[in-house]
There are 2 protein chains.
Amino acid sequence: MNTLDTDAYMQPEAAGEGASRTEAAYQELRQRILSLDLAPGALTLETELAAMLGMSRTPLREAVIRLAQEGLVIPVPRRGIQVAPITERDVREINQVLACLEIEAVMIVAARPVRDEEIAALDSAIAAMDAALESDDIDGWGKADFRFHSLIFELCPNRHLNQTARLYLDKAHRARLLTLPYRRRPVYSNSNHAAVVEAIRRGDPETARDIHAAHKRRWSSELDQIIELYPSMFEPGSSLD
Amino acid sequence: MNTLDTDAYMQPEAAGEGASRTEAAYQELRQRILSLDLAPGALTLETELAAMLGMSRTPLREAVIRLAQEGLVIPVPRRGIQVAPITERDVREINQVLACLEIEAVMIVAARPVRDEEIAALDSAIAAMDAALESDDIDGWGKADFRFHSLIFELCPNRHLNQTARLYLDKAHRARLLTLPYRRRPVYSNSNHAAVVEAIRRGDPETARDIHAAHKRRWSSELDQIIELYPSMFEPGSSLD
DNA sequence: ATTCCTCCCAATGTATACGTAGAATCGTTT
DNA sequence: AAACGATTCTACGTATACATTGGGAGGAAT
């Protein structure tokens, strides 16, 4: 770390102590983008971002390159770094890929012996979803649902699948932050998830796949309705045009 | 120089002459890695790579970061940039993900109207595979096969799927460069591909999916045999896993 | 007023400088 | 001789300097 004399720009919290500045910038920006704290479509200059994060342009650029590779950011030559907009098309495409990966993952998980504690973790996530539904906590429901799907992928021994899926999971989550306020209460999701877990416990890949596929198909059409109802959702709030 | 048939360009701009040094380094290194020109597991210092490409460390690092994000390279803190090794596990995982994505893609393509010229392109790739098989040109067969699968994804309107799949296609291609010399003549692949194209032409998603799924399953088991026969294939001087 | 041209500036791409940390080497001690 | 310690040296992370280039503002001409 660079702690010679003028330590004017020290970050007191610094959870990730040993992490490099590049890594810190990457995590920070990623978090802000995924949480919509940085608005989709927003344009910011490298210099501004660097200043915002209290570092020079070098580590910032490296972080941005990583984010660009993930599709979370689009460097626009002379205008700045653009936070990836969320188009209607993106939402559909992302969910299609995610569904495909997730169905595969569910099948893989069900095809291998699963420990009780793993089942318990899944059940716990479903319980959290139920609880959130009871108290009309749609945000809490979203979090629990995200946790459930994360778990599915984590239980899957295919690291490549896991890694790629997480990327799409994150993107889907970001998109969902836009759609959540407009969704009706997602009642069937929970019973479907429970049925999938049951199939996993029984070690029944085909059933798990079918249930999950059906669930995904249902969600897809629900998404279509939402998109149709609120097409303005995806208007770039702070886009250049 | 080293121009393989993988003309997978990114969105920004064609990587030709006006490209930035970062872009040039990225393309060049990527090509070399995918063609096994840079051996899996090889360690090279940033300085050496920069010198090799005739540029300073800055653009080189940016290229390396992109490659690292794709999993083609692993920067090892004090030892250098490591070209991603190819483990047996990697091969299995990559093919599993790719199969999953490809089956989805085939279904999507078959579900939408396909123009004659698109069918023709697919047929042409299959013809090239046939011709290569006739003349025992296993390398030519690999290229044509790669082209066929690329086409499948390109005909798929889902850009996210396309992009992610291309990544896995490239990785799988790299792994296949190792296994190609050991493969028996892949006779059934061609008839399967032809059947898939036929299903696509008829607009029959389910059949296309089933055929392709069966094909992928068969290939997967063939791969298993190869791996079992030649486990030494995957041990260049890497020491991870 | 609109359009085109020119000039200026600022944002980026790239090179370089610099401090730090980790590894290897060499010397010392038991 | 082996183990431990100090020292040097090297590779990397980060900051900064610099050149280029594209874009926009302003002016002139129609």
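- Taking the centre and axis of the six-membered ring of Y168(B), the NZ or CZ atom of K171(B) falls inside the cone set by 45° and 6.0 Å.
- Per the geometry, CZ belonging to R21(B) stands 12 Å off C1' belonging to dT20(D), to the nearest Å.
- For R30(A), the salt bridge (charged side-chain N to carboxylate O under 4.0 Å, His left out) partners two or more places apart in sequence, or in a different chain, are E70(A), D170(A).
- Atom CD in E62(A) sits roughly 14 Å away from atom P in dT14(C) (whole-Å rounding).
- Each of dA15(D), dA11(C), dT16(C) was ranked by its minimum atom distance to the side chain of L45(A); first place goes to dA11(C).
- When rounded to the nearest whole Å, the span between CZ of R57(B) and C1' of dA11(D) equals 7 Å.
- When the shell of 6.0 Å around CZ of R79(B) is examined, it contains 12 or fewer heavy atoms from other residues, nucleotides or ligands.
- To the nearest angstrom, P of dC12(D) lies 9 Å from CD of E48(B).
- P77(B) comes within 4.0 angstrom of sugar-phosphate atoms only, judged by non-hydrogen atoms across all strands, and of no base.
- L53(B) has its CG atom 13 Å from the P atom of dT14(C), to the nearest Å.
- At a cut-off of 3.5 angstrom, counting only N and O atoms as typed in the model, there is no donor on one side facing an acceptor on the other between the side-chain of R78(B) and the base of dA23(C).
- Closest to the side chain of M55(A), from the set dT14(C), dA15(D), dA11(D), is dA15(D).
- Counting only heavy atoms from C-beta on, S20(A) has its side chain closest to dT14(D) among dC12(D), dT14(D), dT12(C).
- A donor-acceptor contact under 3.5 Å links the side chain of T58(B) to the base of dA15(C).
- Remark: P of dT16(D) and CD of E46(A) are 16 Å apart, rounded to the nearest angstrom.
- Following rounding to the nearest Å, L60(A) (CG) and dT14(D) (P) show an atom-to-atom distance of 12 Å.
- Checked against E28(B) for a side-chain contact (heavy atoms from CB on, under 4.5 Å), the options D37(B), I33(B), L53(B) give a single hit: L53(B).
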